[in-house]
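Reminder, nothing fancy here: chain letters follow the sequence lines and each chain counts from 1. Below, all heavy atoms of this structure are taken into account, side chains as well, without hydrogens, waters or symmetry copies.
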Amino acid sequence: MRYHPLTASDRTDMLARVGVSDIDALFAGVPQDKLLRGPVALPKGKSEMDAGRVLMRLAARNMTASSAPFFLGAGAYKHHVPASVDHLIQRSEFLTSYTPYQPEISQGTLQYLFEFQTQVAALTGMEVANASMYDGSTATAEAVLMAHRITRRRKAVLSGGLHPHYADVVRTHSHMAGDTVDALAPDVAAREDIISRIDGETSCVVVQSPDVFGNLRDLSPIAEACHKNGALLIAVFTEVVSLGLVTPPGEMGADIVVGEGQSIGNALNFGGPYVGLFATRQKYLRQMPGRLCGETVDAQGRRGFVLTLSTREQHIRREKATSNICTNSGLCALAFSIHMTLLGETGLRRLAQVNHANAALLADRLALVPNVTVLNETFFNEFTIRVKGDGADIVERLAKRGILGGVPVSRLSPGAGLDDLILIASTEINTDDDREALAQALDALINGAA
Amino acid sequence: MNREGRPTAPQGGALSAHQTFTGARALQVEEPLIFETGRLDVTGVDVAEPAKVTSRLGAFERKGSMGLPGLSEPEAMRHYVRLSQKNYSIDAGLYPLGSCTMKHNPRFNEAMARLPGFSDVHPLQPPSTVQGALALIDELSHWLLELTGMQAVAMSPKAGAHGEMCGMMAIRAALEARGEAQSRTVVIVPESAHGTNPATAALIGFSVRAVPARDDGTVSAEAVKAALGPDVAAIMLTNPNTCGLFEPEVVEIAAAVHDAGAYFYCDGANFNAIVGKVRPGDLGVDAMHINLHKTFSTPHGGGGPGSGPVVLSQRLAPFAPVPFLQKNDDGALAFVEHENDAGEAQPFGRLCVFHGQMGMFVRAFAYMLSHGSDGLREASEDAVLNANYVRVGLADLMSQPFGDKPCMHEALFDDEWLKGTGVTTLDFAKAMIDEGYHPMTIYFPLVVHGAMLIEPTESESRAALDLFIATMRDLAMAAKAGHVGRFTQAPHHAPRNRLDETRAARAPVLRWTKPAPATRAQAAE
Amino acid sequence: MTQTFYTKDHEYIRVDGAIGAVGITDYAQKALGDVVFVELPAAGAAFARGDQAAVVESVKAASEVFAPVSGEIEAVNSVLEKEPGLVNEAPEDRGWFFRMAIQDAGELAGLMDDAAYKAYLATLE
């Protein structure tokens, strides 16, 4: 086996040195009737070339985002990531190191985490951010638990604009912990009255903006209502590029801001790994889950960085920890931070403008297609259309025509009576040709046009 | 709770070093923060001019500077390359962190994960466009089930701790289905357990009942039986355990747990010791997470991303979360994404927005295909052999808390042998840094005083182990000979000397902030 | 005239009339290492003997502080919020955590006095 340095004679010599006759003597602690005597029923090892052949064959059976006019979003977005990002994150010292438990020989990881935390705090308009969570949805569930700890209340109110899968993750955690969730019905037009749902039991209100249907939401009045009632506002985003152009939740009174960071630095990856972003106010710092990197000095007084405030974490507090999270999304956070550094606010704003403009052009074009209606008054780079017919069926038939045309709402919220809605995202990757292809194909599928 | 601390601020005065003008030491270059070198009007990405459109942002257009500077591409390259040079890595040297399984990360796996057919695919594409990706997940599931002897696997958990949560949620759902969720509220956790175990149990609303380890470092069936009762939901047991030992009474423990109407959650962090040698399903395990980023070599990436699929027994299989894979009548694969579509199954809910860490699945599957059934077994055997080789090589100088007997894939020492030397486990670890090694896991498991947990993995050659052993012996003899300065001031040669963790925690600085402008008086100085 | 009593968890209570000042002992602060954070109870809160009343954290450890006797919190040492290091520097003096109104002086009989605590410490080595 090419990855195993020991030779047969090494093994013989080493067993002798250890003082046993054969390898199974080292497995003497295992109940002997449970010890497998032969190999399990799986194929034997393959050369790199042969293993590659198997995997390439599987890869070839998937339609890639780059191979088609592509308009999917709903929590994962296709953006151009500079080649230097992937090169840098594959450097051995980033890729093959562990969590920075020995800070003297982990300053590289620690410094980029410190920079990452600063970038996330600045982007969201908050005071502090952690070193990442698994993804936006688990960050949201953790934010709800954090709000429960801070307010000592146990009811979360979820906006109908929250990504339905995010809502499901929150609901699952809450159910297990015996907490209450008040989830509003899907709110396509951003007209829900969430403020009236806040009462003396409410620990937090969870609102996504841009919401899952693409609408931008005014968080300020909700924040005010929350604070009047002793509750917290948790603001969620699934498209972090929006923060390059949209008022950050921190400026609208949010107490905790969480979201998905995949768009910056990370590929679609068929759903993961992604990177959860988590930011809050300084005063809630000790209730924040996840790892934190802090600045300090070494014995010579030189600036350095360490993991800090770890008494909140599972390895010290055990059953009293703020979260059980251990491994997070370090390398995805690095990819985020490198891409963000390359962009800077100048590049990010420009990128966000192009996304917005492309989405606006697409909305205008699709609005010309008979029996297609764009529902949004506001949006960033994603909006909802109503079509004549079944959205899922139309998306499936678009794929057969070589177009990855959006996410049918019924895929996220089946049985909600929203089967004629499709979420359409457009980023900087889309061209005039892409837009025209989608518009014409929709016209053909819905109206039988040529 | 861990009640035992240790010094966290550097002791003694400043160390002397040859001063350079830049602060650099040859290849080690001091690197400022991007906020100190970047400029707000610089960007390293050329983005086209946006088309002129009517804004749809309503009243929500961001105003003012974000405070996010940019770097041009060459500057960014240099920044991150210099940062990388301050990190230790498995590619550069032996990384014996016990319970972390720092094995070789084949670059073949990286290349496969980057095939556009896997990396450039959206999680919500129509199933007909992703049959290859779904087939890979299906195949990987099959391998995991064969290797563990279990009946079902939940693929969506994103790391080991997330997998623990998944397994314990499945247990809770099973209890609910039995109508016993209200009465069974206790989870038994050995004192030697990893901190995630009690943290997970508590998150799901269970209370924790600790059972002590025996003098030999293992858990006795007797102690478990004494802790069992009608209020017990489950036991969470790590096997091989955190002391590097296979639990000899695990079968009896499993039977007792089942007899008491409870479930057996196994923490699979140490699965690397037994892949292809023992199947957890044969031991009576009901749920176990598998750290793909440990056992199956997807890289740790400086703290993630990981992946923690959970294998389940027949009794828990119906409660696996959505989404899960299903083969339709036409042979096509598709995810069941909603509880209402789950048919007979009773999924407990959803753990994350999509279906797990595809990027890690590809890497782990590439690793498995490369090894095959023979190679996987060999990996475990070599991992165990290497650990014992190190153990035997150090046993005469360092003390083993549970006597001189074989270990599994990691060798555990305590600090009894350092008594009276003035050198602590922490000091010893820091001196290893000067010798070019990443230290082993220290002060874990908590039940062993001054613990040192060494996991060399199967990736080390005999020559590499010999040099490691020789180095450890030299350090051990120096400690015993009273050469305290080599330890208490260590590391001397790392990019940083010991860091003041006390200061970091007492007045946390967690982000860069713009320094206040100098006052006129300061400027005049 | 004050008198100090100790618990097996290394808390002390220095009793002055009906009021007792509670903190952790020198032994406890040494075991924890540099204290970085103290979570204090709210004034007015009532605790039964053995209830968790505070948490003390160092960089690598955390420990609950239990009420040595039953009673109500009369005052807390809020200086510790800014200067947690006082717990290391002067644990049994300026590093006190809270003062409580002792509900039942009889409970003090269940604690160790100075000599008994010293003897107890000797058994721990």
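- Proximity to chain B (any heavy atom under 4.5 Å) is restricted, for A:L145, to the side chain, taken from C-beta onward.
- Within the 4.5 Å cutoff, no side-chain heavy atoms of A:Q102 are placed close to those of B:Y88.
- Salt bridge annotation for B:E378-A:R11: present, with a cationic side-chain nitrogen under 4.0 angstrom from a carboxylate oxygen.
- Ring orientation note: the planes of B:F354 and A:H163 are nearly perpendicular, at an angle over 60° on the 30°/60° scale.
- Looking at A:L404, the atoms closer than 4.5 Å to chain B (heavy atoms on both sides) all sit in the side chain, from C-beta outward.
- With sequence neighbours left out, B:F444 forms a ring pair (Phe, Tyr, Trp, His ring centres under 6.0 Å) with B:H194.
- For chain B, the nearby part of A:V407 is the side chain; its heavy atoms alone come within less than 4.5 Å.
- Between A:Y3 and B:H371, the angle of the ring planes lies from 30° to 60°, which puts this pair in the tilted group.
- The candidate from A:A360, A:A267, A:A399, A:A359 with the greatest count of non-hydrogen atom pairs under 4.5 Å with chain B is A:A360.
- For the pair B:V353 and A:V169, the minimum side-chain heavy-atom distance is 4.5 Å or more.
- For A:V18, the parts sitting under 4.5 Å from any heavy atom of chain B are the backbone and the side chain alike.
- In summary, B:K158 and A:D135 engage in a salt bridge, as defined by a charged side-chain N under 4.0 Å from a carboxylate O.
- In terms of non-hydrogen atom pairs under 4.5 Å with chain B, the most contact-rich of A:G301, A:G178, A:A41, A:P82 is A:A41.
- A 4.5 Å side-chain heavy-atom check between A:L88 and B:V81 finds at least one atom pair inside the cut-off.
- Proximity to chain A (any heavy atom under 4.5 Å) is shown, for B:A92, by neither the backbone nor the side chain.
- Of the atoms belonging to B:L115, it is side-chain heavy atoms, and not backbone ones, that fall under 4.5 Å from chain A.
- B:L83 is listed as a side-chain neighbour of A:E115, based on a closest heavy-atom distance under 4.5 Å.
- Using a 4.5 Å cut-off between heavy atoms, A:A60 makes no contact with chain B at all.
- Neither the backbone nor the side chain of A:N376 comes within contact range of chain B, judged by heavy atoms closer than 4.5 Å.
- For B:E61, the CD atom counts as densely surrounded, since its 6.0 Å shell holds more than 12 non-hydrogen atoms of other residues, nucleotides or ligands.
- Using a 4.0 Å cut-off between charged side-chain N and carboxylate O, A:D364 and B:R56 make a salt bridge.
- With a threshold of 4.5 angstrom between heavy atoms, B:L97 approaches chain A through side-chain atoms but not through N, CA, C or O.
- With sequence neighbours excluded, the residues that form a ring pair (Phe, Tyr, Trp, His ring centres under 6.0 Å) with B:H338 are A:H165.
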